[in-house]
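Values in this document were obtained by computation on a predicted structure and should not be read as measured data.
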Amino acid sequence: PGAGKTTRVPSALLQIIRGHVIVLEPRRIAARMAARRVAEELGERTGETVGYQVRFEESAGPRTRLRFVTEGVLTRRLLSDPELRGVDIVDLDEFHERHLDGDLALALLRRLQQSSRPDLRLIVMSATLDAGAIAAYLQCAVVRSEGRLFDVAIRYSGHSAAPLEQQVVSAVEAFLQDGVDGDILVFLPGSAEIRRAAKACEGVARRVGLLILPLHGDLSPEEQDRAVRPAAQRKLI
């Protein structure tokens, strides 16, 4: 995790090919944010060399060579353009999430590679996937990037009949009592739960100076960037 797979590998691929690179991301927010990050590192905006396409939204132009897309978008592209003309590499990121669309895309891409597009290159990336089976399926090498390791402590709070947002408040307060430094990231099922939890945490946030920042796919790009960029205050995301 954090080795640069999503942002550094795709931009490096542009240096070794002449055509286009498609990066498959399982989530809209990841596709958008990865594209913006890579474009920023190139000193550009999305829609120039780097773009993205998710459901009902696209940022790309005539110069775009690297495109981050979600699974359904790639499946539709394969149906409308079975040869993937102009695409040299397809990179399937976060493959451990294993959605039906992702598995279907891999099967279609492998069939294409074994028939009319032997020049098509496929990359499967994951921080947690057991690479043996997928490497055997693709008959390819495994490349490992050993990043820094950090200790992980797991603590279960136990069953509670309290509303989910109140359980979030209790968990945040427990972290703070333990003297945890740095930002706090809370995963929740959807945007409605995120809004309720953010509202419920306002009191504890004011008391200790936490900056509450929601992060989900329905927010504007500016709001998403605000959640992940460095801030002067500790953040509760």
> Is Q53 close to R76 at the side-chain level, that is, under 4.5 Å between some pair of heavy atoms?
Replying inline: no
> With hydrophobic residues grouped by side-chain heavy-atom distances under 4.5 Å, do L219 and L188 end up in a single group?
Replying inline: no
>> I'd like to know if the side chain of R67 reaches the main chain of V50, judged simply by a donor and an acceptor atom lying under 3.5 Å from each other, with no hydrogens or angles considered.
In response: no
> Transitively linked via ILVMFWY side-chain contacts under 4.5 Å: V90 with I134?
Replying inline: yes
> So how far is it from L84 CG to Q113 CD, rounded to the nearest 0.5 Å?
Replying inline: 11.5 Å
> So do the side chains of V38 and P10 get within less than 4.5 Å of each other, counting heavy atoms only?
Replying inline: no
>> Taking R155 first and then D178, would you say they form a salt bridge - that is, a charged N and a carboxylate O separated by under 4.0 Å?
In response: yes
>> Show, in sequence, the C-alpha distance, side-chain angles and deciding distance for H216 and E193, and conclude whether the side-chain contact (heavy atoms from CB on, under 4.5 Å) test is met.
In response: CA-CA 11 Å; H216 55 80; E193 291 86 354; over 6 Å; no
>> Can you give me the closest heavy-atom contact between C201 and L236, atom names plus distance?
In response: CB-CD2, 3.8 Å
>> Determine whether a donor-acceptor pair (N or O, by modelled atom type, separation under 3.5 Å) exists between the side chain of T64 and the backbone of T49.
In response: no
>> For a quick test of reading the model, state the closest non-hydrogen atom pair linking G47 to S59 and the distance between them.
In response: N-OG, 3.5 Å
> Which pair of heavy atoms, one from R111 and one from S115, lies closest together, and at what distance?
Replying inline: O-OG, 2.8 Å
>> Measuring only between side-chain heavy atoms, which start at C-beta, is R234 closer than 4.5 Å to V208?
In response: no
> Just by modelled atom types, is the G209 backbone N or O under 3.5 Å from a matching donor or acceptor in the Q233 side chain?
Replying inline: yes
>> Grouping I, L, V, M, F, W and Y whenever their side-chain heavy atoms are under 4.5 Å apart, do L74 and L138 come out in a common cluster?
In response: yes
>> Show the nearest heavy-atom pair for residues A231 and L211, with the distance to one decimal.
In response: CB-CD2, 4.3 Å
> Should the pair R27-E97 be classified as a salt bridge under the 4.0 Å nitrogen-to-oxygen rule?
Replying inline: yes
>> Starting from L14, can I reach V87 by hopping between I/L/V/M/F/W/Y residues whose side chains sit under 4.5 Å apart?
In response: no
> What is the distance from atom CG of D225 to atom CD of E40, rounded to the nearest 0.5 Å?
Replying inline: 7.5 Å
>> For R226, I'd like to know if atom CZ has over 12 heavy atoms of other residues, nucleotides or ligands within 6.0 Å.
In response: no
> Distance from R117 atom CZ to L109 atom CG, nearest 0.5 Å?
Replying inline: 10.0 Å
> Can you tell me how far CG of L108 sits from CG of L104, rounded to the nearest 0.5 angstrom?
Replying inline: 4.5 Å
> Closest approach of A31 and T70, non-hydrogen atoms and distance?
Replying inline: CB-CG2, 4.4 Å
> Are side-chain heavy atoms of Y52 and E57 found at a separation under 4.5 Å?
Replying inline: yes
>> Using modelled atom types and a 3.5 Å cut-off, is there a donor and acceptor pairing between side-chain atoms of D91 and backbone atoms of V23?
In response: no
>> side-chain contact (heavy atoms from CB on, under 4.5 Å) for R28 and D218? Distances and angles first, verdict last.
In response: CA-CA 9 Å; R28 291 179 299 165; D218 293 333; 3.8 Å; yes
> How many angstroms lie between atom CD1 of I123 and atom CD1 of I22, to the nearest 0.5 angstrom?
Replying inline: 12.5 Å
> Do L24 and F95 come within less than 4.5 Å of each other through their side chains, counting heavy atoms only?
Replying inline: no
>> With a 4.0 Å cut-off on N to O distance, would you call D88 and R18 a salt bridge?
In response: no
>> Counting neighbours of CZ on R121 that are heavy atoms of other residues, nucleotides or ligands and sit closer than 6.0 Å, is the number greater than 12?
In response: no
> What about I17 and V124, same hydrophobic cluster or not, with Ile/Leu/Val/Met/Phe/Trp/Tyr joined at side-chain heavy-atom distances under 4.5 Å?
Replying inline: no
Check residues 162-176 and write down every donor-acceptor pair under 3.5 Å in which the side-chain atom is one partner and the other belongs to a residue at least two apart or another chain.
| from | atom 1 | to | atom 2 | distance (Å) |
| --- | --- | --- | --- | --- |
| Q167 | NE2 | A162 | O | 2.9 |
| S170 | OG | Q166 | O | 3.1 |

>> Contact between M33 and E25 at the side-chain level, heavy atoms closer than 4.5 Å - yes or no?
In response: no
> Do the non-hydrogen side-chain atoms of D93 and V9 ever get within less than 4.5 Å of each other?
Replying inline: no
>> Rounded at 0.5 Å granularity, tell me how far CZ in F187 sits from CD1 in I194.
In response: 10.0 Å
>> For a side chain to side chain donor-acceptor pair (under 3.5 Å) check, start with the C-alpha distance between Q224 and R36, then their side-chain angles and the critical distance, and finish with the verdict.
In response: CA-CA 11 Å; Q224 293 175 18; R36 290 202 298 272; 3.2 Å; yes
> salt bridge (Lys or Arg N to Asp or Glu O under 4.0 Å) with R8: which residues, sequence neighbours excluded?
Replying inline: E41
> Is K235 reaching over with its side chain to a backbone N or O of A227, donor-acceptor style, under 3.5 angstrom?
Replying inline: yes
> Do the side chains of E83 and L112 get nearer than 4.5 Å, heavy atoms only?
Replying inline: yes
